[in-house]
Structure formats: C-alpha cells, structure tokens
**Student:** 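Quick one: this structure, given as structure tokens, is what I'll be asking you about.
Below, chains carry the letters A, B, ... as their sequence lines are ordered, and counting in each starts from 1.
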Protein chains: 2
Amino acid sequence: MASGQGSAAVMERRLAAAEGQCIRAGVQLTELRRQVLALVLQAEQPLGAYALLDRLKEQRPGAAPPTVYRALDFLLEQGLIHKVERLNAFVGCVGAGHDHHAGHQHAHQFLICGQCGQTTEISDPAVTRALAEAAARSGFQAGHAVVEVEGRCAACAA
Amino acid sequence: MASGQGSAAVMERRLAAAEGQCIRAGVQLTELRRQVLALVLQAEQPLGAYALLDRLKEQRPGAAPPTVYRALDFLLEQGLIHKVERLNAFVGCVGAGHDHHAGHQHAHQFLICGQCGQTTEISDPAVTRALAEAAARSGFQAGHAVVEVEGRCAACAA
DNA sequence: CCTGTTCGGGTTATATAGTAACAGAACCCT
DNA sequence: AGGGTTCTGTTACTATATAACCCGAACAGG
C-alpha cells in the first residue's frame with residue numbers, strides 16, 4: 001500500500017480524470033498544475049501552500065510562492081481541490097472528475113480530526129439543505145459555504 | 001445612532017455583561033482585554049487582529065501583535081467573541097452574557113455578505129442537528145464547527 | 001517577613017501565509 | 001511579421017500569527 005489517499009495507480013486515475021475534466025472545460029492542466037495536484041493528492045493530510053512549495057522545489061528548483069499559489073488558484077477554480085480554511089491547507093476533492101460537479105465548487109463539509117489530522121470530506125444533503133433554509137430565513141442569498149467540524153475521527157476515538 | 005453593533009449605551013451593557021460573566025467564571029477581564037473587547041464590539045464589521053492593533057495603539061502606544069493576540073485568545077476562550085475563519089477577523093458574540101452559553105463556545109453560523117461585508121451570526125438548531133448527525137454517521141465525535149456562508153445580505157440583494 | 005508560584009503583559013524577533021508588479025516565453029491568429 | 005492571450009519566472013513586499021524571554025504585581029504557604 002502506497003502513501004496517502006490512495007496508491008500510485010489510484011492517483012494516476014485521479015490525475016487522468018482531472019485531465020479529462022479540464023479538457024472538457026476548455027482549460028489547460030499544465031505540467032506545473034499537474035505536479036501541484038499530484039502533490040496534494042498524494043498527501044495523507046491537508047498540506048499548506050509552503051509545504052507544497054517545499055516539495056515542488058524538488059522537481060522545480062526555481063519555484064516561489066506565486067508559483068504554487070497560482071496553481072492552487074487554478075485547481076480551486078476547477079473544483080479539483082478544496083481549501084480547509086481552518087488549517088490554511090489544501091486537499092484533493094474526493095468527487096473530482098465526476099461530471100455532476102465538474103468545474104465548479106460543490107457543497108461539501110470537512111470533518112477534521114484534531115488528534116491525527118485526518119480530514120474527511122463529506123457531502124451531506126441534510127446539512128446543505130438546513131444551511132440553505134437558515135440563510136433564506138434571514139433573507140440571505142447563500143453562495144459557497146465553509147463547513148468544517150473539528151473533533152475526533154473514528155480511529156482516534158477508539 | 002452611534003456606530004457599529006449598537007449605541008454607546010448598548011456597548012456599555014454588553015461590557016458589563018462580559019464583566020459579570022468573567023467574574024462568575026473566575027477569570028479576569030483586565031483593562032487590556034476590556035479595551036480589545038470594546039474595539040471588537042464597536043466595529044460594524046469583523047476586524048482583523050492588525051486593524052484592532054492599530055486602534056488599540058491610540059490608547060496603548062506600546063501595543064504589539066502579542067498584546068492583541070493574547071487578549072483575543074482570552075476573549076475567544078470565554079466565548080465573548082468569535083473568529084471568522086474565512087476573513088481572519090473577529091466579531092463580538094451576539095449572545096455573550098447570557099448564562100446558557102457563557103464561558104464556552106456555542107454552536108453558531110455566520111452569514112457573510114460579499115458585497116458590504118456585513119457578517120451576521122445565527123444559531124440555527126436544524127443546522128446544528130444536521131451537522132451533528134452527519135458527523136455521527138461517519139463515526140466522528142464532533143467538537144466545534146466552523147460554519148460560514150458567503151453570499152449576499154438582504155439589503156445588498158435589493 | 002520572605003519566598004516561590006502564578007498570571008498578565010512588555011519587548012524583540014521570527015515564522016507562516018498570501019499578493020503585487022513586471023518580465024519573458026510560448027502559443028495562436030490573422 | 002505583428003499583436004493578442006496564457007502561463008510561468010522573479011523580485012519584492014504585505015498580512016497574519018507565534019516563540020521566547022523578561023519583568024512586575026498579586027498571592028499563598030511557611
């Protein structure tokens with residue numbers, strides 16, 4: 001078993017899916033963007049921009065903060081990754097590559113384990129609906145919602 | 001009508017409530033902490049730590065980043081203010097001073113207007129419940145939840 | 001009284017996160 | 001060739017947050 005969110009083969013599949021999604025959207029998954037996406041995907045936990053930068057430098061010695069931030073901005077726009085606001089860190093979007101939410105941010109929630117750092121993405125319709133209703137009740141036109149629960153994951157609780 | 005979340009009289013009442021809450025909790029609302037709390041409460045919008053620091057310096061010329069961060073940490077612990085993660089900024093807790101959630105963080109959600117910056121705190125039981133259930137379904141022991149919806153407030157939508 | 005301990009705060013320096021602004025390369029289009 | 005657009009390199013900078021150390025006030029125990 002390889003590291004992180006999946007084996008090398010799984011990661012290749014996710015990269016290929018991202019590739020396809022970008023082609024359909026008419027945007028370019030360049031070498032740099034692909035490298036950064038790969039770094040995010042192979043991490044076990046959310047990685048900060050500077051952690052990514054350090055790793056990126058191994059492949060691309062001249063890399064600087066704008067290098068990685070520009071790639072991250074692109075990947076966020078395409079919905080290929082998410083930002084965990086609470087951690088100032090980035091994770092791969094679990095559903096990326098599926099057409100039903102390709103190319104744009106979908107409603108999602110994070111469960112962040114304070115002990116091991118594992119961050120799980122879920123997409124719970126009841127939460128999404130409750131939030132939309134609560135916003136509407138305040139006359140608020142809801143856009144993107146950041147929902148991040150801190151606590152203890154099943155493994156650490158045991 | 002004075003500025004911000006309420007008139008000077010309203011603010012005095014909120015400061016007095018905070019004072020009482022701290023006494024009951026056996027902690028000290030010192031002059032510094034009271035000054036920082038007052039600055040947060042009198043702002044119309046969430047204020048960043050360095051914006052607060054600038055204002056604090058008018059009363060306390062020697063103030064430095066740790067000065068304001070330490071006060072903010074205290075106020076957060078006491079549940080007197082909240083941090084808006086999305087904005088790296090702080091707002092007064094609307095319910096502070098009421099015993100039912102004094103001295104600890106309570107479940108709440110923010111509605112952040114992308115146009116005018118108005119940030120409204122709500123505490124919707126349906127959202128809280130849906131989130132707790134979704135977490136439990138993943139075997140996750142939920143702690144504090146960050147819930148921040150970006151969109152357009154009623155005033156700006158009109 | 002003095003002595004250790006705790007707490008709040010001052011001070012300096014540094015770490016971490018994110019952006020502005022401009023230059024050059026590669027590509028496409030006519 | 002000329003002129004746009006997109007992507008990346010590069011330098012410098014701004015913004016956000018914390019570490020580490022010191023000092024004085026308040027207080028408890030002997």
**Student:** Could you give the CG-to-C1' distance, from B/Leu52 to D/dT16, as a whole number of Å?
**Tutor:** 13 Å
**Student:** Counting distance only, does the side-chain N/O of A/Ser123 pair as donor-acceptor with the main-chain N or O of A/Ala107 below 3.5 Å?
**Tutor:** yes
**Student:** Check for a donor-acceptor pair, side chain of A/Glu121 on one end and backbone N or O of A/Val94 on the other, with a separation under 3.5 Å.
**Tutor:** yes
**Student:** Select one nucleotide: of D/dT10, D/dT6, C/dG9, the one nearest the side-chain heavy atoms of A/Arg70.
**Tutor:** D/dT10
**Student:** For the pair made of CG in B/Asp73 and P in D/dA17, what is the distance, rounded to whole Å?
**Tutor:**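 About 10 Å, once rounded to whole Å.
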**Student:** Through what angle, rounded to 10 degrees, does the axis of the helix from C/dC1-D/dG30 to C/dT30-D/dA1 turn between its ends, using five pairs per end?
**Tutor:** 20°
**Student:** For A/Leu72 and D/dC7, give me the distance from atom CG to atom C1', rounded to whole Å.
**Tutor:** 15 Å
**Student:** Take the protein atom CG of A/Leu32 and the nucleotide atom P of D/dC7, then report the distance between them rounded to whole Å.
**Tutor:** 11 Å
**Student:** Strictly distance-based, threshold 3.5 Å: is any side-chain N or O of B/Gln45 a donor or acceptor partner for the main-chain N or O of B/Cys116?
**Tutor:** yes
**Student:** Are the side chain of B/Arg33 and the backbone N or O of B/Gln28 linked by a donor-acceptor pair below 3.5 Å?
**Tutor:** yes
**Student:** From CD of A/Glu85 over to P of D/dT16, roughly how many Å is that when rounded to an integer?
**Tutor:** 14 Å
**Student:** Could you tell me whether the phosphate oxygens of D/dC7, OP1 or OP2, come under 4.0 Å of any side-chain nitrogen or oxygen in A/Gln28?
**Tutor:**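 Yes, because at least one side-chain N or O of A/Gln28 sits under 4.0 Å from OP1 or OP2 of D/dC7.
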**Student:** For B/Ala154, does its backbone N or O pair with a side-chain atom of A/Gln141 as donor and acceptor, under 3.5 Å?
**Tutor:** no
**Student:** Figure out the CG/P separation between A/Leu87 and C/dG18, and round it to whole Å.
**Tutor:**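 Going from CG in A/Leu87 over to P in C/dG18 covers 11 Å.
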**Student:** Just to confirm, is there a sub-4.0 Å distance from OP1 or OP2 of C/dG9 to any side-chain nitrogen or oxygen of B/Thr30?
**Tutor:**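 So the side-chain polar atoms of B/Thr30 do come within 4.0 Å of the phosphate oxygens OP1 or OP2 of C/dG9, strictly under.
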**Student:** Side-chain heavy atoms nearer than 4.5 Å, only ILVMFWY residues, links allowed to pass through others: does that put A/Val127 and A/Phe110 together?
**Tutor:** no
**Student:** To the nearest Å, give me how far apart CZ (A/Arg86) and C1' (D/dT16) are.
**Tutor:**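 It works out to 16 Å between those atoms.
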**Student:** Salt bridge check: are B/Arg60 and B/Glu31 linked by an N-O gap of less than 4.0 Å?
**Tutor:** no
**Student:** Strictly below 4.0 Å, heavy-atom distances to any atom of DNA chain C: list the hits from residues 53-66 of chain A, or just say none.
**Tutor:** A/Pro65, A/Pro66
**Student:** Can you confirm whether or not the ring centre of A/His106 sits under 6.0 Å from the ring centre of A/His82?
**Tutor:** yes
**Student:** When you check the phosphate oxygens OP1 and OP2 of C/dG18, does a side-chain N or O of A/Lys83 lie under 4.0 Å from one of them?
**Tutor:** yes
**Student:** As a test of reading the structure: which of C/dG10, C/dG18, D/dT8 is closest to the side chain of A/Asn88, going by heavy atoms?
**Tutor:** C/dG18
**Student:** Whole angstroms only, please: what is the OH-C1' distance between B/Tyr69 and C/dT16?
**Tutor:**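 So the OH-C1' distance, B/Tyr69 to C/dT16, works out to 11 Å.
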**Student:** Tell me whether the side-chain N or O atoms of A/Tyr50 pair up with the base of C/dA15 as donor and acceptor below 3.5 Å, since no angle test is needed here.
**Tutor:**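 Under the 3.5 Å cut-off, the side chain and the base do not form any donor-acceptor pair.
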**Student:** Using a strict threshold of under 4.0 Å (side-chain N to carboxylate O), is an ion pair present between A/Glu148 and A/Arg86?
**Tutor:** no
